[in-house]
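Beneath this line is the structure, given in C-alpha cells, with notes to follow.
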Amino acid sequence: MPSSAAQRRVRAATSESRPVQWVLIGISLVFIAVILVLPLTTVFAEAFRRGPDEFLKALADKDAQAAIRLTLLVAAISVPLNIVFGVCAAWAIAKYEFKGKAFLITLIDLPFSVSPVISGLVYVLLFGAGSMLGPWLRSYGIEVLFAVPGIVLATIFVTFPFVARELIPLMQVQGTGDEEAAISLGANGWQTFWRVTLPNIKWGLLYGVLLCNARAMGEFGAVTVVSGRIRGQTTTMPLQIEILYNEYNAVAAFSLAAMLALLALVTLVLKSILEWRFGDELAATNGGH
Amino acid sequence: MAAFSTRFTFRRGNRRMVLTTRKRARWRFRQPSVIPGFGLTFGFMIAYFSLIILIPLIALGIRSAGLGFDGFWRYATDPRVLGALRVSFSTALIAALVNVVFGTLLAWVLVRYRFPGRRIVDAIIDLPFALPTAVAGIALTAIYAPNGPIGAFFAPFGIRLAYTPAGIVIALIFVGLPFMVRTVQPVLEEVQHEIEEAAATLGANRWQTVTRVLLPGLTPAILTGFALAFARAVGEYGSVVFIAGNIPLVSEIAPLLIVIRLEEFNYVGATVIAAVMLMISFALLFIINLIQAWSRRRFGYAL
C-alpha cells in the first residue's frame, strides 16, 4: 500500500533502522543481564547451593536471628522519625514562601553526597573517646557508640533525605489551594493535614517510605563504623553477612543476603506498581534515589 | 524602613482615575499565609536537621580545623592516604565514564524503543538503589572471583578481575548506573520530535541528527548524571570492600582507610581523610548546581 510505504519512510527519518534498534537493544539487555541480573541471581544460587536445609539452618542461627531482630528494630525507629521529618519539611517548604528556601532544599540532600563511612565517623567523633558528649552520657549509663543508639543515629543520617525529597516536589506541584479551602471552611490545622493533605500525598509518601526502609535495613558503611560489631548484640544483617563471609561461611552469608535481596525485590515490585498505577500523582518525583 | 506610596494614574472611559497604594517595604522572612503550622513544621525540620546532620558535620570540621594547616597537610599527604584517594577517584572516574556510555544507551533504548520486557528492564535499573551494598559486594565477588562464572572465563587468559582495581570499577559501575539512567531518561522523554523532523528535512542523516541535534541537548543531563554517579562512587564502601582485595596503594579505597584508621583508634587520621573527601564532595555538589543553572539558561530545563 502506498500510504504505509510513505509512513514507513517518514518514520525512518526520525528513528533508527530496525537492525540498529535490535543491536542497541541487544547490547542493553546483555549489559543489564551481566551487571544487574547476574548479581541478583547469584545471591539466591549461592544461598541454596547446599539445599534448602542449609539455608533454613543459617537463618535459624542464634546470631542471625539477633541480627534480623536488630535490623527490624533499627528500621522501626529510624524510618518513622524520617517520615515525621519528611512531612514537616515538605509542609514548611511547599506550603509557605520564605527566604532561603532553595538553599534549604539543597541542604536536605546533603547526606547523599556524604560517604556512608563518613556518616558513621561524625558520630564516632561526637560520642567516642576524646569527645565531650560520650563520657558525659556514659556517666548516666547511656551508651551511644557501639550500641543500638549509635546504629540508629547513623541509619537516620544516611536515610534522612528519602521521604522529604519525594514529598517536597509533589507538594509544591499540588500548591496550597486545597489547604486554604479547608481552612476557610473551618477546618483546623490537624484536620486539614489528616483529611486533605495526607490523602493527596499518600502514594508519594509510601514511595519515599519504601526507599527509606530499603536503605535503612541494608545500610552497611555507616553502621560498620558505629556498631563495634559485637556478635549477637550490635550486628545488623549486613554486618552479620560480612562476619560470616569473612569466616568463609559463604552459604550462611548468602542465606542472610538472600533475605535482604528479597526485601530489595519486594521494594522494586511495589515501587514499580506505584509508578505504573499512580504515575500521575507521583509525576513531580521522577526517578532519583 | 519607611513606608512609601505609589501613585498610578490611568484612564477608564473619559475619566482619569488615580490609584494610590501604600506599600510597606519591610523585610519579611516569610510571606503571610492562612495555613497554620509553619512554626511547628519549620521548627522541627530545622531542629532535627541540625541535630542529625549539621552539628555532627560541624564537629568533624572543627576537629580537622583544630589540627592547623601544617598538621592537616601532614596527615593528608601521607603516602597511603594519597594512594587511597588516588584509587578511589580514578576507579570512580572510570566507572562513571562507563556509565555515561551505557547509562545513556539504556535511557535511549528505554525511551525510544518498544520491546518485550521493557518494563521489567526499566524496573530493574533501580536494583542498585534497593539492594544493600554488602549483598551486592559479596555477590559481585562470587561472580568475578577466579572460581566464579565470569572470573573463571577470564582466568585462563591471566586476567584477574576480583581483588584488583578492575573489581572496584565493576562494583562502582553497579552502584552508579541508576543515577545516570534516571537523570537522562526524563529529559529524553521530553525531547520534542519536531526538532528531529526539522533536522531530517534539512538533510541530516540519522547519525548527524543524533550526534549534532539530540546529544547536545542532553549534555546537562549527562553531565549531572556523571557527577552524581561519580560522587556516589567516590564514597562507596559496602559493595567495594569485598571485591577490592584492599592492598594499600593498589586497591585500598579511601572510605576503607577511614575504617582502618578508626579501628586503630587513629581518630585524627580518619578525620583528615574524611575532611578531604567531604571538601571534594561538596565541590562536586556545587558543580552539579552550576550545571543545572547553566542548563536552565541554555536549554530551558532543570533536572
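Proteins come first, then strands; the chains are lettered A, B, ... in the order of their sequence lines, and each starts at number 1.
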Per-residue contact mode, [X] against chain B (heavy atom under 4.5 angstrom):
| X | value |
| --- | --- |
| A/Ile183 | side chain |
| A/Leu256 | neither |
| A/Ile25 | both |
| A/Leu110 | side chain |
| A/Thr176 | both |
| A/Ser131 | both |
| A/Leu263 | neither |
| A/Leu126 | side chain |
| A/Leu239 | neither |
| A/Val34 | both |
| A/Phe85 | both |
| A/Val84 | both |
| A/Ser113 | both |
| A/Thr42 | side chain |

Exercise: identify the closest heavy-atom pair between [X] and [Y]:
| X | Y | value |
| --- | --- | --- |
| B/Arg28 | A/Lys99 | O-NZ, 3.0 Å |
| A/Pro111 | B/Ile53 | CG-CD1, 3.5 Å |
| A/Pro238 | A/Gly218 | CG-O, 3.6 Å |

Next item on the list: Kindly indicate whether the side chain of B/Thr224, heavy atoms from C-beta on, has any atom under 4.5 Å from the side chain of B/Leu228.
Entry: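 Yes - at least one pair of side-chain heavy atoms lies under 4.5 Å apart.
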
What part of [X] gets closer than 4.5 Å to chain A, counting heavy atoms only: side chain, backbone, both or neither?
| X | value |
| --- | --- |
| B/Arg118 | neither |
| B/Gln185 | neither |
| B/Val241 | side chain |
| B/Trp108 | side chain |
| B/Leu284 | neither |
| B/Ile125 | both |

Notebook entry, point to check: Among B/Ile46, B/Leu140, B/Val121, B/Leu131, which residue forms the greatest number of heavy-atom pairs with chain A at distances under 4.5 Å?
Noted result: B/Leu131

Next item on the list: For chain A, find which of B/Pro255, B/Ala59, B/Ala231, B/Gly43 contributes the most heavy-atom pairs closer than 4.5 angstrom.
Entry: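 The residue among B/Pro255, B/Ala59, B/Ala231, B/Gly43 with the greatest pair count is B/Pro255.
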
Notebook entry, point to check: Under the criterion ring pair (Phe, Tyr, Trp, His ring centres under 6.0 Å), which of A/Tyr207, A/Phe112, A/Phe157 is the partner of A/Phe162?
Noted result: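 Of the listed residues A/Tyr207, A/Phe112, A/Phe157, the ring pair (Phe, Tyr, Trp, His ring centres under 6.0 Å) partner of A/Phe162 is A/Phe112.
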
Note to self: Which label fits B/Tyr237 and A/Phe220: parallel for a plane angle under 30°, tilted from 30 to 60°, or perpendicular past 60°?
What the structure shows: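 Ring orientation, 0 to 90° scale: parallel.
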
Next item on the list: Determine the interplanar angle of the B/Phe265 and B/Tyr267 rings, folded into 0 to 90°, and report it as parallel if under 30°, tilted if 30 to 60°, perpendicular if over 60°.
Entry: tilted

Indicate yes or no: does [X] engage [Y] in a salt bridge with an N to O separation below 4.0 Å.
| X | Y | value |
| --- | --- | --- |
| A/Glu242 | A/Arg229 | yes |
| A/Asp178 | A/Lys95 | no |
| B/Arg182 | B/Glu189 | no |

Between [options], who has the most heavy-atom pairs with chain B when the cutoff is under 4.5 Å?
| options | answer |
| --- | --- |
| A/Leu268, A/Thr106, A/Thr267 | A/Leu268 |
| A/Ser119, A/Pro116, A/Ala257 | A/Ala257 |
| A/Gly189, A/Ala214, A/Pro39, A/Gly221 | A/Pro39 |
| A/Leu210, A/Leu265, A/Asn82, A/Val87 | A/Asn82 |
| A/Ile156, A/Leu29, A/Val43 | A/Ile156 |
| A/Leu40, A/Val269, A/Leu153 | A/Leu40 |

Next item on the list: Please lay out, stage by stage, how B/Glu196 and B/Arg206 fare under the test salt bridge (charged side-chain N to carboxylate O under 4.0 Å, His left out).
Entry: CA-CA 9 Å; B/Glu196 290 164 74; B/Arg206 189 62 191 156; 3.1 Å; yes

Item checked: Close aromatic pair by centroid cut-off 6.0 Å: B/Phe179 and B/Phe129 -> yes

Check: Has the side chain of B/Glu236 got a donor or acceptor atom that lies under 3.5 Å from a matching backbone atom of B/Ser239?
Finding: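 Confirmed, B/Glu236 side chain pairs with B/Ser239 backbone.
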
Item checked: Donor-acceptor side-chain pairing of A/Glu219 and A/Thr159 below 3.5 angstrom -> no

Next item on the list: Count the heavy atoms belonging to other residues, nucleotides or ligands that lie under 6.0 Å from CZ of B/Arg30, then report whether that count exceeds 12.
Entry: yes

